[in-house]
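Notes follow once the structure below has been shown.
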Amino acid sequence: MRDIINMTVVLTVLCALAGFGVAWVDSITRGPIETAALQKVAGAIDTVLPNKDNDPIADRINVPVAPDHRGRPQSLTVFPAKKDGKIVAVALQASAAGYAGPINVLVGINLADQKLTGIFIAEQQETIAAAQQALNPATKEGKAFVSQFAGKSLKKALAKSDINAISGATYSTRGVLAAINKARSLFVKYRDQIVK
Amino acid sequence: MSSLAKEFTKGFWDVLPPFRLVLGLCPVLAVTATAFGGWGMGLATTFVLVCSNVLVSLLRKVIPAKVRIAAYIVIIATFVTIVDMMLKAFVPDLHKMLGIFIQLIVVNCIILGRAEAFAGKRGPVASFADGLGIGLGFTISLFVLGTIREILGSGTWTLYKGLLSINVMGDAYQPFKFMVAAPGAFVGLGVMLAIITLIGIRLDRKKRRAQ
């Protein structure tokens with residue numbers, strides 16, 4: 001009997017201490033892990049937020065949004081571009097269904113006139129050749145398609161007539177537009193919390 | 001030689017884990033496609049081995065014999081989780097490269113083997129020396145195998161990804177891709193084992209003749 005109690009106590013204490021140890025290391029490493037993951041999008045943020053004098057990743061704002069279907073808290077990460085300490089533009093990600101999968105777009109929005117500062121296709125699985133070219137900023141077609149968004153007004157939701165669509169890839173065009181409009185509605189909804 | 005130095009140096013030859021004991025082969029095969037992966041995995045394992053050895057040794061009188069394996073696994077898993085989070089935070093490139101094999105250090109038989117065979121019976125200082133020696137021996141083994149496979153298979157020698165990578169074979173070299181693929185790991189390990197065994201036999205013979 002003493003044996004069993006001894007074993008139970010030792011193992012329980014050991015596991016509890018291990019739990020505390022791991023939790024402590026987690027509290028130290030959580031910040032750096034998040035930063036390291038975000039460093040990958042640093043280049044994309046630079047292309048959609050060209051005019052700034054701060055580090056948008058370090059200054060990122062986490063806005064609490066509605067919880068998901070299981071009731072877990074969710075947050076929206078917004079990257080602000082600042083000039084002289086004031087936010088002049090923000091970048092945020094949104095995704096919408098394309099032709100073959102979700103299209104994830106990083107959208108940069110200017111605060112003063114609510115115009116697009118630029119977009120970056122962060123993720124896509126389009127299969128149509130025309131769509132692949134148009135969504136890849138390394139190609140000529142890609143530059144033409146993606147760069148036309150800069151300067152478009154987001155006062156109203158972006159419509160298909162506002163842009164030059166990708167011919168032969170209607171669904172991909174629609175997906176990009178839908179993602180931008182999703183980002184727009186998030187921006188409009190949480191604007192007051194982003195710009196305090 | 002003092003006994004402490006002996007505990008430290010035995011890990012470099014007498015009980016060199018992958019090549020002399022043929023232990024812990026899973027990471028040896030999996031992460032040695034580059035020299036960088038080799039020493040990264042080796043050092044991560046060394047850290048876990050040293051920490052678990054010292055802690056197991058300190059707790060050897062507290063842990064009841066019947067649950068000692070469970071206790072060792074808890075200790076080892078804790079340090080592995082710590083290494084996993086640390087690498088993810090501060091060396092994300094290495095973490096991405098090693099992937100699941102970091103978590104798999106938990107079931108690396110070298111670590112549990114040292115806890116059971118050595119640290120559970122000896123003092124913390126000797127256990128520290130034992131863990132450090134065997135860990136570094138393991139690191140060197142992985143680094144050497146990674147170097148051979150990478151130079152033959154990719155023509156490069158990556159000491160640190162993105163910072164220090166040497167194009168050893170020159171641009172005209174056609175990479176022998178087989179060596180960086182999974183079967184190449186077995187062949188590379190087999191050749192290394194053969195060479196190490198051959199050296200071992202020669203050394204034994206010399207020793208016997210000297211007597």
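For the numbers below, each heavy atom of this structure counts, side chains included, while hydrogens, waters and symmetry mates do not. For clarity, every value in this text was computed on a predicted model and none was experimentally measured.
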Please determine whether the number of non-hydrogen atoms from other residues, nucleotides or ligands lying under 6.0 Å from atom [atom1] of [X] exceeds 12.
| X | atom1 | value |
| --- | --- | --- |
| A:Y171 | OH | no |
| A:K115 | NZ | no |
| B:F186 | CZ | no |
| A:Y190 | OH | yes |
| B:F128 | CZ | no |
| B:F178 | CZ | yes |
| A:K189 | NZ | no |

Side chain proximity check, [X] to [Y], heavy atoms < 4.5 angstrom:
| X | Y | result |
| --- | --- | --- |
| B:P64 | A:V10 | yes |
| B:M86 | A:T29 | yes |
| A:I28 | B:M85 | no |
| B:I75 | A:L14 | yes |

(request) Looking only at non-hydrogen atoms, find the nearest pair between A:A36 and B:A89 and report the distance. (result)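 Of all heavy-atom pairs spanning A:A36 and B:A89, the closest is CB-O, 4.2 Å.
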How long is the straight-line distance from [atom2] of [Y] back to [atom1] of [X], given to the nearest 0.5 Å?
| X | Y | atom1 | atom2 | answer |
| --- | --- | --- | --- | --- |
| A:I33 | B:D84 | CD1 | CG | 8.0 Å |
| B:K66 | A:L11 | NZ | CG | 13.0 Å |
| A:W24 | B:I82 | CH2 | CD1 | 8.0 Å |

(message) Does any backbone or side-chain atom of A:D3 lie under 4.5 Å from a heavy atom of chain B? Answer side chain, backbone, both or neither.
(response) side chain
(message) With a 4.5 angstrom heavy-atom cut-off, is it the side chain or the backbone of B:F90 that approaches chain A, or both, or neither?
(response)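 The side chain, not the backbone.
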